[in-house]
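Presented below is the structure to which this report refers.
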Amino acid sequence: MFQRFFSLLLTMIGVVTLVFLLIHLIPGDPVEAMLGDSARVADREALRHKLGLDQPLAVQYWDYIKSVLQFNLGTSLRNQQPVSTLLLERLPATAWLAFSALLIAVTLALPLGVIAARRQGSAWDTGAMMVSLFGVSMPNFWLGPMLILLFSLWLGWTPVSGMENISSIILPAVTLGASLAAV
């Protein structure tokens, strides 16, 4: 138990450190992005000081760790709202999608697994194995757009995007659930 907790802690520190480093390696200046090219030098320096970007990298990292531990993820450059608030707003839709994908995965995987186990060596077993292999081999970034092309654009059965009604969750849930079912 202690070993798992230590492993989790080490992984979280690694992810937070990696994100911090990637943020600093991205080309471009966040102050330029926020203020634009026409901003005065004094305004840029004031914002740089306010954001702590004039501090040494070690101080910035420590401040970043403290902010993450307090669930203060900063302010969105696009919406000018706290990132943690934006994440919490989207949590119900994410949970609904995860539940739907898991439901589809179990609905597909359980019958196929039972059929394959009960009829080992038969055509049913081979068919279930082929469906599983197909699901594992097909990347989600390909399956999603193909499902959108077929069911949204060509057939018009589901919306292309958004969260309008219950039919909006079908394609994303099938996309995620198919690969999960295959595993």
Side-chain angles (χ1 to χ4, degrees), residues 1-28 64-65 68-69 71 73-74 76-79 83-183:
M1 171 113 165
F2 178 74
Q3 185 178 6
R4 285 185 183 222
F5 178 74
F6 181 72
S7 177
L8 173 71
L9 188 64
L10 195 61
T11 302
M12 289 177 66
I13 290 170
V15 167
V16 167
T17 302
L18 184 65
V19 167
F20 176 80
L21 291 174
L22 288 175
I23 287 171
H24 281 77
L25 290 175
I26 293 174
Y64 179 71
I65 293 288
V68 167
L69 289 175
F71 203 61
L73 304 176
S76 168
L77 295 177
R78 175 189 262 179
N79 302 23
V83 172
S84 54
T85 303
L86 294 172
L87 288 174
L88 288 174
E89 285 176 2
R90 286 156 177 83
L91 190 61
T94 303
W96 176 241
L97 176 59
F99 173 76
S100 301
L102 186 62
L103 184 66
I104 288 173
V106 169
T107 303
L108 292 173
L110 197 61
L112 285 175
V114 169
I115 290 171
R118 302 258 301 145
R119 302 181 186 219
Q120 287 182 336
S122 70
W124 288 99
D125 184 26
T126 305
M129 186 60 77
M130 288 177 66
V131 168
S132 178
L133 184 62
F134 185 69
V136 169
S137 302
M138 190 175 334
N140 287 342
F141 64 82
W142 182 83
L143 178 60
M146 292 303 115
L147 291 176
I148 289 172
L149 281 173
L150 178 63
F151 293 105
S152 297
L153 298 177
W154 293 342
L155 297 175
W157 293 353
T158 60
V160 174
S161 66
M163 191 65 181
E164 298 166 10
N165 53 31
I166 194 74
S167 66
S168 301
I169 198 78
I170 294 171
L171 295 183
V174 168
T175 302
L176 296 174
S179 61
L180 186 60
V183 173

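Values reported hereafter were calculated over all heavy atoms of this structure, with side chains retained and with hydrogens, waters and symmetry mates removed. This structure is a prediction, so every number in the text was calculated from the model and none was measured.
In this structure, CD1 on Ile65 lies 7.0 Å from CD1 on Ile13, to the nearest 0.5 angstrom. Between atom CZ of residue Phe2 and atom CG of residue Leu9 there is a gap of 9.0 Å, rounded to the nearest 0.5 Å. In this structure, Leu147 CG and Leu153 CG are separated by 11.5 Å, a value rounded to the nearest 0.5 Å. Between the CD1 atom of Ile115 and the CG atom of Leu110 there is a distance of 10.0 Å, given to the nearest 0.5 Å. Atom CG in Leu108 sits 10.0 Å away from atom CG in Leu180 (nearest 0.5 Å). Taken to the nearest 0.5 Å, the CE atom of Met130 stands 12.0 Å off from the CG atom of Asp125.
Environment of CE in Met129: sparse, with no more than 12 heavy atoms of neighbouring residues, nucleotides or ligands closer than 6.0 Å.
The two atoms that bring Leu143 and Met138 nearest to each other are CD1-SD, 3.4 Å, heavy atoms only. Of all non-hydrogen atoms in Leu97 and Pro172, the two that sit nearest each other are CD1-CB, 3.6 Å. Of all the heavy atoms in Met163 and Ile169, the pair that sits closest is CE-CD1, 4.3 Å.
Legend: side-chain hydrogen bond (donor to acceptor under 3.5 Å, both in side chains) pairs involving residues 1-27, not counting sequence neighbours, sorted by first then second residue: Thr17-Tyr61, His24-Gln60. Sorted by first and then second residue, the pairs that involve residues 112-160 and meet ring pair (Phe, Tyr, Trp, His ring centres under 6.0 Å), not counting sequence neighbours, are Phe151-Trp157.
Under the side-chain contact (heavy atoms from CB on, under 4.5 Å) criterion, Ser152 pairs with Ile148, Thr158, Val160, Leu171, not counting sequence neighbours. Legend: residues meeting side-chain contact (heavy atoms from CB on, under 4.5 Å) with Ala182, ordered by chain and number and at least two apart, are Ser132, Val136. The side-chain contact (heavy atoms from CB on, under 4.5 Å) search around Leu112 returns Ala128, Val131, not counting sequence neighbours. Residues meeting the side-chain contact (heavy atoms from CB on, under 4.5 Å) test with Ser84, sequence neighbours left out: Phe71, Pro82.
A 4.5 Å side-chain heavy-atom check between Leu8 and Met12 finds at least one atom pair inside the cut-off. You'll find the side chain of Tyr64 reaches within 4.5 Å of the side chain of Val19, heavy atoms only.
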